[in-house]
Amino acid sequence: MTWLVFDYGGVISQHTQAIPAMAAHVGASAEAFEPGYWSEREAYDRGRPDLDYWRAVCAHVGVDVDEKLSEDLTRMDIEGWLPTDDKTVKLLDRLAGAGARLALLSNAPSSFGRVAERQPWAERFTHLVFSADLFMAKPDVEIYAALVGKLGARAADCLFVDDRQTNVDGAVAAGLTAHLWTSADELADTLVRFGTCS
């Protein structure tokens with residue numbers, strides 16, 4: 001494999017714990033707020049502006065959203081997705097130190113992408129691709145084609161790692177080799193078999 005391509009959420013990052021705080025910020029319960037947060041998320045990952053996303057989310061709990069509230073929720077949401085998994089970051093360090101060519105393909109809004117690009121872990125990556133910047137998302141075959149084009153590689157030269165089977169399946173359909181993420185330790189063992197990690 002010429003390129004190792006990582007997902008972000010649930011692989012490099014921990015899953016967000018910010019939903020209760022965001023719900024409280026708009027005066028709603030987490031139980032009422034969370035379904036809208038997730039059901040509207042795909043459009044956000046595909047390029048929907050921050051304000052439009054939060055208006056759609058908060059419509060589920062009967063709350064009107066202005067620019068200030070949208071900015072607050074966007075900041076809280078970004079902060080919720082920033083904590084990383086220590087073992088994964090250590091694996092990225094090992095891989096980068098061994099000369100592996102690393103790329104990221106994440107379903108994420110552009111506002112998150114601009115913050116993520118400035119995080120210390122991002123320095124390990126040659127390319128960072130965020131879905132909202134392309135107005136498409138995993139598991140669409142088109143986004144994997146866009147990734148491969150950005151890398152200047154063949155699909156067959158890429159090993160893609162994601163914690164969602166549907167995204168793994170999408171990568172395979174696009175011609176990439178793909179692996180379902182379960183843990184940093186398991187992936188390290190898998191990469192040894194690929195001859196990518198020792």
Side-chain angles (χ1 to χ4, degrees), residues 5-93 102 104-125 128-133 137-139 160-168 179-188:
V5 183
F6 283 78
D7 175 39
Y8 179 74
V11 176
I12 296 171
S13 79
Q14 302 171 23
H15 283 291
T16 183
Q17 301 296 312
I19 290 174
M22 290 187 288
H25 194 69
V26 302
S29 69
E31 292 75 17
F33 182 87
E34 185 167 8
Y37 176 88
W38 291 118
S39 66
E40 304 292 342
R41 196 74 184 185
E42 182 176 352
Y44 196 26
D45 288 342
R46 291 178 181 271
R48 183 183 236 176
D50 296 336
L51 180 60
D52 292 350
Y53 171 66
W54 294 116
R55 282 177 170 167
V57 171
C58 290
H60 289 258
V61 292
V63 173
D64 293 328
V65 176
D66 60 14
E67 290 278 1
K68 175 62 168 61
L69 183 54
S70 173
E71 290 172 3
D72 289 347
L73 291 170
T74 299
R75 173 183 51 77
M76 296 170 75
D77 189 46
I78 290 170
E79 290 174 353
W81 285 104
L82 287 180
T84 52
D85 180 87
D86 289 343
K87 285 190 174 182
T88 307
V89 173
K90 288 177 181 176
L91 176 59
L92 293 175
D93 286 341
L102 304 178
L104 180 90
L105 178 61
S106 176
N107 280 359
S110 294
S111 52
F112 176 82
R114 302 297 79 78
V115 175
E117 289 166 346
R118 303 194 299 270
Q119 301 306 303
W121 59 262
E123 297 175 2
R124 283 78 166 174
F125 290 85
L128 300 166
V129 178
F130 298 98
S131 60
D133 295 333
K138 299 176 290 185
F160 172 70
V161 179
D162 198 291
D163 64 327
R164 295 187 177 184
Q165 186 65 52
T166 184
N167 294 338
V168 169
H179 181 76
L180 182 66
W181 166 271
T182 58
S183 71
D185 289 341
E186 189 278 334
L187 179 61

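Atom set for the values below is all heavy atoms of this structure, side chains included, hydrogens, waters and symmetry mates excluded. Not measured: the values here are computed from a predicted model.
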*Enumerate the residue pairs fulfilling side chain to side chain donor-acceptor pair (under 3.5 Å) with a member in residues 17-35, sequence neighbours excluded, ordered by first and then second residue.*
His25-Asp72, Glu34-Trp38
*No-hydrogen, no-angle side-chain donor-acceptor test under 3.5 Å, Ser131 and Asp45*: no
_Heavy-atom check, side chain of Asp133 versus side chain of Arg114, under 4.5 Å_ = yes
_Taking the ring centre of each residue, are Phe112 and Tyr8 less than 6.0 Å apart?_
yes
*asked:* Does Trp181 form a side chain to side chain contact (heavy atoms under 4.5 Å, CB included) with Thr88? I'd like the steps, not just the answer.
replied: CA-CA 11 Å; Trp181 166 271; Thr88 307; 3.3 Å; yes
*Kindly give the heavy-atom pair with the smallest separation between Ala18 and Met76, and that separation in Å.*
CB-O, 3.8 Å
*Apply the side-chain hydrogen bond (donor to acceptor under 3.5 Å, both in side chains) test between Asp77 and each candidate in Tyr53, Tyr44, Tyr37; give the one that qualifies.*
Tyr37
*asked:* As an exercise, state the distance from CZ of Phe6 to CZ of Arg124, rounded to the nearest 0.5 Å.
replied: 12.0 Å
*Are any non-hydrogen side-chain atoms of Leu91 and Leu187 less than 4.5 angstrom apart?*
yes
_Tell me whether Trp121 contacts the main-chain N or O of Thr84 through its side chain, where contact means a donor paired with an acceptor under 3.5 Å._
no
*Please tell me if the side chains of Leu92 and Leu102 come closer than 4.5 Å, counting only heavy atoms from C-beta onward.*
yes
*Hey, does His60 have a side-chain heavy atom less than 4.5 Å from the side chain of Ser39?*
yes
*Quick one: are Leu51 and Val65 in side-chain contact, heavy atoms under 4.5 Å?*
yes
*asked:* Which residues pass the salt bridge (Lys or Arg N to Asp or Glu O under 4.0 Å) test with Glu71, not counting sequence neighbours?
replied: none
*Minimum heavy-atom distance Thr166-Pro139, with the two atoms named*: O-CB, 3.3 Å
*asked:* Checking the side chain of Ser106 only, and the main-chain atoms of Phe130 only, is there a donor and an acceptor separated by less than 3.5 Å?
replied: no
*Short question: side chain of Gln119, backbone of Val115 - any donor-acceptor pair under 3.5 Å?*
yes
*asked:* For a quick test of reading the model, state the closest non-hydrogen atom pair linking Ala116 to Ala122 and the distance between them.
replied: O-CB, 3.5 Å
*Hey, are the side chains of Val26 and Leu73 touching, using non-hydrogen atoms and a 4.5 Å cut-off?*
yes
*More than 12 heavy atoms of other residues, nucleotides or ligands under 6.0 Å from CZ of Arg46: is that the case?*
yes
*First locate atom CG of Leu105, then atom CG of Leu128, and finally report the distance between them rounded to the nearest 0.5 Å.*
10.5 Å
*Rounded to the nearest 0.5 Å, how far does CG of Asn107 lie from CD of Glu42?*
8.0 Å
*asked:* Working to the nearest 0.5 angstrom, can you tell me the gap between Glu67 CD and Thr74 OG1?
replied: 9.5 Å
*Does the distance from a Lys or Arg side-chain N to an Asp or Glu carboxylate O, for Arg55 and Asp50, drop under 4.0 Å?*
no
*asked:* Would you say that Phe33 contacts Pro20 through its side chain, given a criterion of any heavy-atom pair below 4.5 Å between the two side chains?
replied: no
*Closest approach of Asp162 to Arg164 (non-hydrogen atoms, all atoms of both residues)*: OD1-N, 2.8 Å
*asked:* Rounded to the nearest 0.5 Å, what separates atom CZ in Arg118 from atom CD in Glu123?
replied: 13.0 Å
*Got a salt bridge between Arg48 and Glu40, using NZ or NE/NH1/NH2 to carboxylate O under 4.0 Å?*
yes
*Do His15 and Asp163 have side chains that get closer than 4.5 Å, going by heavy atoms?*
yes
*Would you call Lys138 and Asp7 a salt bridge, taking side-chain N to carboxylate O under 4.0 Å as the test?*
yes
